[in-house]
*Asks:* 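Quick one: this structure, given as structure tokens, is what I'll be asking you about.
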Amino acid sequence: MLVNGQFPGPPIYVTKGDDVVITVHNRMETNSPSAIHYHGIRQYGSVASDGVPGVTQPLIQPGGSYVHKFRVQNQSGTFFYHAHAGMQDDTIQGPFIVYDDENSWPSSLGKQLSDGPFTYDDERIIHLSEWWRQHHHQRESYYLGPTFRFDHSAESILINGRTINNPLQIMNPATCPGYTALNVEPNKTYRFRIIGGNSFRTLALAIKDHPMTIIEVDGEKVVPYETSFLEITPGQRFSVLVHTANAEPGSAFAIATNYRYRHRGKGYTENGFGYMRYVAPGPGGKRPPRDFTYAKDFPVFPEEDGVGWIWDKLQPLQGRDQILDEQPDRTIKLRASIMKHGDNTTRYYMNGRPPIEHALPLYNSLTRGLRKTPRLEELEEDGYSAELKTYPLFYQETIDVVLQNAMGGIDCLLHPWHTHGHSHHLIASGVGEYNHEEHKDIRNFATPLYKDVSVVYPSEPDPVTRGCGWTKIRIKADNPGYWAIHCHITAHMLQGKMAVFEESPDLIEAFSVY
Ligand code: C2O
């Protein structure tokens with residue numbers, strides 16, 4: 001499955017404040033209805049362009065099309081678009097880059113680029129993804145059907161769509177162009193935009209002998225932080241500054257990946273490699289040929305996985321948002337547990353409820369204006385509306401959401417949760433089971449980041465409830481619409497690990513940008 005014949009799909013470049021119109025044509029085979037989401041774009045006043053089938057739009061049937069129209073407001077940085085249907089995001093995805101202003105647009109004229117306080121010579125995209133050799137329909141029916149036992153890892157980890165599946169095999173350069181090579185010049189500063197298009201595994205990424213300074217996380221600038229490696233869950237993005245050495249043109253430095261938290265294996269993924277290749281400076285500079293030379297000397301990853309990575313050390317550049325010092329109006333706990341049905345199928349239940357299929361998109365011309373914000377008293381204790389089958393939010397509320405892991409079978413897994421329509425502040429996390437009375441005031445991030453994916457790390461299970469780790473995020477309900485919140489491991493989302501925040505539906509019309 002390709003976008004405009006390409007994988008990764010063609011990058012989309014816009015400037016903050018732009019009005020964007022994208023027409024998605026579904027040219028796939030008969031049983032692959034689709035929808036495209038712009039991950040991390042908050043879609044203020046344009047919920048109908050968010051790309052979540054059944055929630056913000058109908059599925060686009062083969063032969064059909066859908067027009068997305070949105071204004072990219074108050075955000076710039078590194079995003080991506082991806083299919084939001086079945087397992088199509090294995091390969092239907094591509095970068096979506098928002099430049100702060102004209103000064104950050106790369107040009108070939110050799111002028112310094114700048115983004116806020118950061119300056120650099122040029123930028124490159126590192127788009128990570130996983131590649132399964134199975135047909136996406138087969139993968140989908142495995143996850144949803146009776147033979148599902150556990151998640152299967154991908155055969156390959158791709159960097160910008162490439163790898164050598166078996167690095168030990170001698171390849172024919174005529175048929176396999178090999179690993180991705182990022183060309184760089186000596187003595188320069190590059191901004192690498194790293195996109196977590198991986199849809200299952202959490203990956204560590206490092207470049208041999210080149211430390212990285214993180215300057216952006218999920219489309220928000222951060223206080224520069226130097227690290228030897230990144231931890232990238234599905235859906236996360238980073239920008240890092242990398243200074244190149246005074247190295248000879250032709251020299252190469254390995255970019256390597258490693259699994260985090262599960263199946264760490266021998267210290268590297270089997271084939272998730274690329275390399276950074278030095279070329280002579282200047283437009284006429286000699287380019288070494290693209291060949292199979294790759295640096296076999298790999299960067300070293302830490303021996304142990306530190307749970308929580310460096311999330312307590314990163315700080316937003318913007319400073320502290322005042323909503324962090326408020327008391328939340330409500331706290332909604334979303335507890336995902338795995339259920340085996342009588343017919344042997346496996347589903348995630350959110351707060352004990354089976355996954356629901358919304359018969360009609362919540363937002364379309366038929367239902368627009370027909371859904372009313374309920375009263376608080378009409379909601380169940382956990383904030384759910386049995387009538388609407390969503391979690392209603394009230395305009396201008398400050399909401400804390402607790403994402404609770406629970407043991408499913410033998411393992412407690414890591415789960416990256418993504419919020420549509422809002423970025424959120426990561427305010428707390430803990431082990432075992434979240435208990436509101438006991439844990440409501442825990443704040444273990446001194447300087448909460450504002451981002452759109454937050455991780456629930458695995459922990460020892462609570463002996464009674466089997467809860468095995470939680471994370472608390474804060475959202476300001478300032479964007480009326482229907483917003484998905486889900487685990488960004490695609491198979492888990494498919495199995496039901498998702499909820500919908502229905503935010504003041506009667507205000508959607510009034511807030512609409514168009
Ligand atoms: Cu990138 Cu709903 O996802």
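Read the numbers this way: they start at 1 and go in the same order the structure lists the ligands and their atoms.
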*Asks:* Is His84 close enough to atom 2 (Cu) of ligand 1 that one of its N, O or S atoms comes in under 2.8 Å?
*Replies:*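 Yes.
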
*Asks:* Under 2.8 Å from atom 2 (Cu) of ligand 1, is there any N, O or S atom belonging to His39?
*Replies:*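 It does not; every qualifying atom lies at 2.8 Å or beyond.
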
*Asks:* For atom 1 (Cu) of ligand 1, give me the closest N/O/S atom belonging to His488, just the atom name.
*Replies:*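 Of the nitrogen, oxygen and sulfur atoms in His488, atom 1 (Cu) of ligand 1 lies nearest to NE2.
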
*Asks:* Is the ring pair Tyr38/Phe70 parallel, tilted or perpendicular, if the boundaries are 30 and 60 degrees?
*Replies:* tilted

*Asks:* What residue among His137, Gln134, His152, Arg149 forms side-chain hydrogen bond (donor to acceptor under 3.5 Å, both in side chains) with Tyr142?
*Replies:* His152

*Asks:* Distance alone, cut at 3.5 Å: any donor-acceptor contact between the side chains of Thr257 and Thr269?
*Replies:* yes

*Asks:* When you measure from atom 1 (Cu) of ligand 1 to the N, O or S atoms of His418, does any of those distances fall below 2.8 Å?
*Replies:*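 Under 2.8 Å: His418 has no N, O or S contact with atom 1 (Cu) of ligand 1.
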
*Asks:* Could you check whether His420 and Arg42, counting side-chain N and O atoms only, form a donor-acceptor pair closer than 3.5 Å?
*Replies:*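 The criterion, which ignores hydrogens and geometry beyond distance, is not satisfied for His420 and Arg42.
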
*Asks:* Find, among atoms of His420 that are N, O or S, the one nearest to atom 2 (Cu) of ligand 1, and state its name.
*Replies:* NE2

*Asks:* Just checking: His486, one of its N/O/S atoms, less than 2.8 Å away from atom 2 (Cu) of ligand 1, yes or no?
*Replies:*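 His486 does place an N, O or S atom closer than 2.8 Å to atom 2 (Cu) of ligand 1.
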
*Asks:* Can any side-chain N or O of Asp218 pair as donor or acceptor with the backbone N or O of Val453 at less than 3.5 Å?
*Replies:* yes

*Asks:* If you consider just the N/O/S atoms, which atom of His82 is the closest one to atom 1 (Cu) of ligand 1?
*Replies:*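 Among the N, O or S atoms of His82, the one closest to atom 1 (Cu) of ligand 1 is NE2.
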
*Asks:* So, Arg330 and Glu397, do they make that salt bridge, N to O below 4.0 Å?
*Replies:*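 Answer for the salt bridge query: yes.
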
